[in-house]
Trainee: 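Attaching a single structure in structure tokens format; questions to follow.
Every chain is numbered from 1, with letters handed out A, B, ... down the list of sequences.
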Amino acid sequence: MNDALRELYQEVILDHGKKPRNFRPLEQATHCAEGHNPLCGDCVTVQVIVEDGVVREATFQGSGCAISTASASLMTEAIQGKSVEEAMALFDEFRAAVVENRESDDLGKLEVLLGVKEFPVRVKCATLAWHTLQAAIQGEGVASTE
Amino acid sequence: MNDALRELYQEVILDHGKKPRNFRPLEQATHCAEGHNPLCGDCVTVQVIVEDGVVREATFQGSGCAISTASASLMTEAIQGKSVEEAMALFDEFRAAVVENRESDDLGKLEVLLGVKEFPVRVKCATLAWHTLQAAIQGEGVASTE
Amino acid sequence: MSVASTVPASIDLAALRERFPALRQQVHGRPLVYLDNAATTQRPDVVIRATVDFYEKDNANVHRGVHTLSQRATRDFEEARQTVRAFVDAAHDAEILFTKGCTEAINLVAATWGRTMLREGDEILLSTMEHHANIVPWQLVAEMTGATIRPIPIDDRGQIDLSAYGSMLTERVKLVGIVHVSNSIGTINPVAEITAMAHRVGARVMIDGAQALAHQKVSVRDLDVDFYAMSGHKVYGPTGIGALYGKRDLLEAMPPYQAGGDMIRTVTFEKTTFNDLPNRFEPGTPNIAGAIGWAAALNFVDRMGIDAIGRHEQTLTRYAQHRLSEIDGLRLVGTADDKAGIVAFSLEGIHPHDIGTVLDRNGVAIRAGHHCTMPLMQRFGLPATVRASFAMYTSEAEIDALVAAVQQAKEILG
Amino acid sequence: MSVASTVPASIDLAALRERFPALRQQVHGRPLVYLDNAATTQRPDVVIRATVDFYEKDNANVHRGVHTLSQRATRDFEEARQTVRAFVDAAHDAEILFTKGCTEAINLVAATWGRTMLREGDEILLSTMEHHANIVPWQLVAEMTGATIRPIPIDDRGQIDLSAYGSMLTERVKLVGIVHVSNSIGTINPVAEITAMAHRVGARVMIDGAQALAHQKVSVRDLDVDFYAMSGHKVYGPTGIGALYGKRDLLEAMPPYQAGGDMIRTVTFEKTTFNDLPNRFEPGTPNIAGAIGWAAALNFVDRMGIDAIGRHEQTLTRYAQHRLSEIDGLRLVGTADDKAGIVAFSLEGIHPHDIGTVLDRNGVAIRAGHHCTMPLMQRFGLPATVRASFAMYTSEAEIDALVAAVQQAKEILG
Ligand SMILES: Cc1ncc(COP(=O)(O)O)c(C=O)c1O
Ligand SMILES: Cc1ncc(COP(=O)(O)O)c(C=O)c1O
């Protein structure tokens, strides 16, 4: 059995992939965007409520592979209660870790996604929700990983 | 010096190429057509007067290489006084000789054009006027070697 | 060697696979199992050799060339056209227009025939299983002309509903667009019958033949289709080459598509006169090496025997469907009676893209996604499927490798 | 080897010629003297090798592929785009759209930008020395939109009359189409100046760069052109590949051209949404091997040094013009101050096509004809010319062979 595959598809990821948290519409969302990953046809909608510069609530919807669904699920958990700056800093940190292979020890639960580094073509799956979050906060409405 | 070239560019051909016979408009033409050879940009207009099924007069105009000009010039001479059937039969004979490399001893003066057999890409130059004559007689107006 | 014999009864797979250099490699430490042939096939040595030979010996531009290399290039290019013509049994060389692929061939028809012949109120019927290449060009034309597009329904097994189609055929229908072999589910559509029905109401038929040429004998004359689009790279040829077949009288009447050198007779700033077929639709320098390489591919297929290839692939398809359907939670998508070597499926609760990643680690190359047939995916209520597609060189052992890898994917992802 | 050094001062011709397999051959018993480079160049071994390598190792379709071969093909294809971008100094990869050649690139602009932006009363200015590829597409658009085309005059040496051009530039002018280097007479046009003048009245500029890339450094940013069309096969690359450069904001605003797979985001029968640049303009399977081979060619040119190549060709051009003009009755056509390696001429009383035949028997490959520039031929009052065009591998000895063969043609035909 393939170690890299086991590393990629850890328990936590499969769990979040199959039972995503915060997977629902958010009626009072202050920010919202749609993201596409043409590679898998993944499509995700991220909605957040930002009050006084802080992410009060974050949800997502859509359909995607285990990696993108788990990543979105973990993201909504990770940014809750963080300031917008902190959330964006976490995205930078996360992206640097999976895209540029940089060391990081501030990722918390997001660390389970680091297995994706061995699968360059899947990195976009892992970052889609984050790109979409960024687009939502910057008021762009649409994000794409390409 | 190249024998095939000498054979192609015989005196008679160069002479007809530089001083084409029957090179003029024909006011009372009964039949007329334009022919194009996209390869050299050759362009020829053939006009004939046919009376009682006999070619009374034949002329041509246009611009072309030595081969196509000489061939047109020799053609107008060769068909004068011939019946339309005889003229077309001569075309068949000529075409068979230069395209299919068939033996022939009825070509008369047209024999000087047989050197073109060694230059397949130039065969169209030698047959352009004839194709145009045929188009004129069949009332098609336009001929092309392609 | 049986590969080179003229009418082989069956295929000597070991010898045949030797002819395809790309098959001799490992991926992630496993022998490559290439099951993405519907996306693009591999190229046999003769195709690579023909390409190299052209560049090393005859490389020159075609048409209008008085020098030897140009004459050789022109001869080989036009012989390639004859080879394509013969392969699809068209009547005239002039009915074969070289394009950069199937997509361009369909766009050519939509932009010329479509824009001049379609009017407000006209209808275009397209099957629900069309590739985007035979949908979107017609949407653009429809927008421009006011024609409307109506989808022809398919049944749950992925077959065109012929009686529904029959009842949609009215005098308003001007074009019927049908994929000969579905790239997503492998259905072989009854093109002759569909065409005859369309012709009865005076509609023209555009067949997307991208997937058909590699799997079965195609005779555009027997099928009586009006337009037939092809891609070289789907039938063992190079990338960047394809062709449109069109009935001569239709092509003659069509306005030019792209414009440039070699498609004109005379140009002045006031007036341009256009050349004859096929040149009128082939402006500029064509993909000369591509056409020559494609002809080598078609000759190779001819030597193998398209019927033997078709039989081989159908045997594999039945075997693959049988083996896969034994896997718990696996749903075969597209189970038409008449199928070419394409098998699609989904696994309960597992995204095809994740399956694709596991398979790749096992050396098994498949495609996961919507396969450019979103309306078909919608019809089956799936965002995506896993697709395994076969070629003349595919072996039963490779199907076994696929099945084993799918089972592993279930274990890891289930 | 000097060929591979990064900044060579000059060219080691013997070593360089070894890199081009097609040059090592005899034609009619004479060493091939290939002087038809403006029609198409020869391909160096690295281009052939890159093509073979792709087909033997990485052959797969690009985009959307989860398997290893597809990932490699996608990476190499996108790297090829970066190579083209860098070669013409564009700002963004998304500004490079792969096409099948220069002709298609111009047609793309005419059919999308042209059809949406031009109106009745608008003017299109085209130089009198344009190739048909930069005339006829605009004629088709003009017919459709009611815009009119006006030729920009040239002087007797074959140079654009800049003051006439200046006086034609009014607010009505919406597009100026200029060939960067004339394929017929080698004139290098002052594109930066022409573009700046056009921009002052708000016109856009379409540059036909087919002949420019192989001879001089091109920076689309320095030139500030709006659109720039290129062909791979004119700069040592494969056939069937080319590109359009367009400024991003212009491309973003253009409607789709051809439609099909990979250029869309979602398709339903009701509505289709299109993808981002560059995919929006690249539907279907691209010429993957072509793009990769082209990149190998551009890298080869880079290693040779485009400035060294340009100097070499200009030296040859001067030498050829000098030697040829000594021949009695020979008229040089096109004697601009700024010229790339193209020399055209006519011989009193002798048709170019006959000269071509004599030259071919001497192994000398040139082109005889109108070179797809009929308005230019009209301007010079000639139905056709003989054209000798040079490349990085052309030698002085080959010019001598040309001159000797022309002299023989005079003897035989004079
Ligand atoms: C100046 C010029 N423009 C356009 C073209 C057309 O290029 P292609 O045939 O590669 O499309 C050519 C080549 O013939 C050319 O020389
Ligand atoms: C059924 C079908 N039609 C059209 C196409 C488009 O062919 P190409 O990409 O070669 O233009 C494809 C290939 O993806 C296909 O499978």
Trainee: Going by heavy atoms in the side chains, are C/K100 and D/Q258 under 4.5 Å from each other?
Mentor: yes

Trainee: Would you compute the distance between atom OG1 of C/T268 and atom CD1 of D/I135 and round it to the nearest 0.5 angstrom?
Mentor: 9.0 Å

Trainee: Just verifying a value: how many Å separate D/I48 CD1 and C/D53 CG, rounded to the nearest 0.5 Å?
Mentor: 10.0 Å

Trainee: Taking atom CG of C/N287 and atom CD1 of D/I241, what is their separation to the nearest 0.5 Å?
Mentor: 9.0 Å

Trainee: About how many Å separate CG of D/L32 and OG1 of C/T68, when rounded to the nearest 0.5 Å?
Mentor: 8.5 Å

Trainee: Partners of D/D208 by salt bridge (Lys or Arg N to Asp or Glu O under 4.0 Å), sequence neighbours excluded?
Mentor: none

Trainee: OG1 of D/T40 to CD1 of C/I288: how many Å apart, nearest 0.5 Å?
Mentor: 6.5 Å

Trainee: Taking the side chain as everything from C-beta on, heavy atoms only, tell me whether C/L69 gets closer than 4.5 Å to D/Q42.
Mentor: yes

Trainee: Once you measure the plane-to-plane angle for C/Y34 and D/H67, does it fall in the parallel (<30°), tilted (30-60°) or perpendicular (>60°) bin?
Mentor: perpendicular

Trainee: Just wondering, do C/H132 and D/P283 contact through their side chains at under 4.5 Å, heavy atoms?
Mentor: no

Trainee: Which bit of C/E143 comes within less than 4.5 Å of chain D, counting heavy atoms only: side chain, backbone, both or neither?
Mentor: neither

Trainee: Report the C-alpha distance between D/V136 and C/F274 in whole Å, list the side-chain angles of each, state the deciding distance to 0.1 Å, and finish with yes or no for side-chain contact (heavy atoms from CB on, under 4.5 Å).
Mentor: CA-CA 10 Å; D/V136 192; C/F274 297 105; 3.9 Å; yes

Trainee: Measure C/R72 against the heavy atoms of chain D and call it side chain, backbone, both or neither at under 4.5 Å.
Mentor: side chain

Trainee: Could you give the distance from OG1 (D/T239) to OH (C/Y55), rounded to the nearest 0.5 Å?
Mentor: 3.5 Å

Trainee: Do D/R43 and C/E56 come close enough that some side-chain heavy atom pair is under 4.5 Å?
Mentor: no

